[in-house]
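These notes concern the structure reproduced below.
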Amino acid sequence: MPKGWNDLSEEAKLGYVSAEFVEKVEDVMSLAQDEIDARKDETRTMTAEEYMKFCSKIMRKYVDPV
């Protein structure tokens with residue numbers, strides 16, 4: 001935990017996000033975006049709603065394990 005952690009209010013502690021966690025999320029989001037880009041041909045005939053579901057499914061595949 002960061003220096004001064006014990007001096008923070010409970011509310012401040014709940015809002016804390018470590019740099020390591022942010023980096024990990026950025027990494028998996030990048031992997032998800034790479035897969036979406038690689039599967040672009042599958043999306044050509046999708047409606048906007050279908051495309052959003054397609055992207056969400058891929059992103060959940062990578063982000064949920066975090």
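Just so you know, residue 1 is the first one in the sequence shown, and it goes up from there. The model shown is predicted, which means the values in this text are computed figures rather than measured ones.
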How long is the gap from CG on D34 to CD1 on I58, to the nearest 0.5 Å?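 Atom-to-atom, D34:CG and I58:CD1 are 11.0 Å apart.
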Can you tell me how far the OG atom of S9 sits from the CD atom of E11, to the nearest 0.5 Å? 5.5 Å
If you take all heavy atoms of K40 and T43, which pair is closest and at what distance? O-OG1, 2.6 Å
Nearest heavy atoms of M29 and V63, plus distance in Å: SD-CG2, 3.2 Å
Partners meeting side chain to side chain contact (heavy atoms under 4.5 Å, CB included) with E10 (sequence neighbours left out): K13
Please enumerate all residues that pass side chain to side chain contact (heavy atoms under 4.5 Å, CB included) together with M52, with sequence neighbours excluded.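 Here no residue qualifies.
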Taking side-chain contact (heavy atoms from CB on, under 4.5 Å) as the criterion, tell me which of M59, E49, M46 meets it with F54. M46
If Ile, Leu, Val, Met, Phe, Trp and Tyr residues are connected whenever their side-chain heavy atoms lie under 4.5 Å apart, and connections chain through other members, are V22 and Y62 in the same group?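 Same cluster: V22 reaches Y62 through Ile, Leu, Val, Met, Phe, Trp or Tyr contacts under 4.5 Å.
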Within-4.5 Å side-chain heavy-atom neighbours: Y51 and I36: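 Heavy-atom side-chain distance check passes, below 4.5 Å.
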Salt bridge (charged side-chain N to carboxylate O under 4.0 Å, His left out) involving E35 - partner list, sequence neighbours excluded: R39, K61
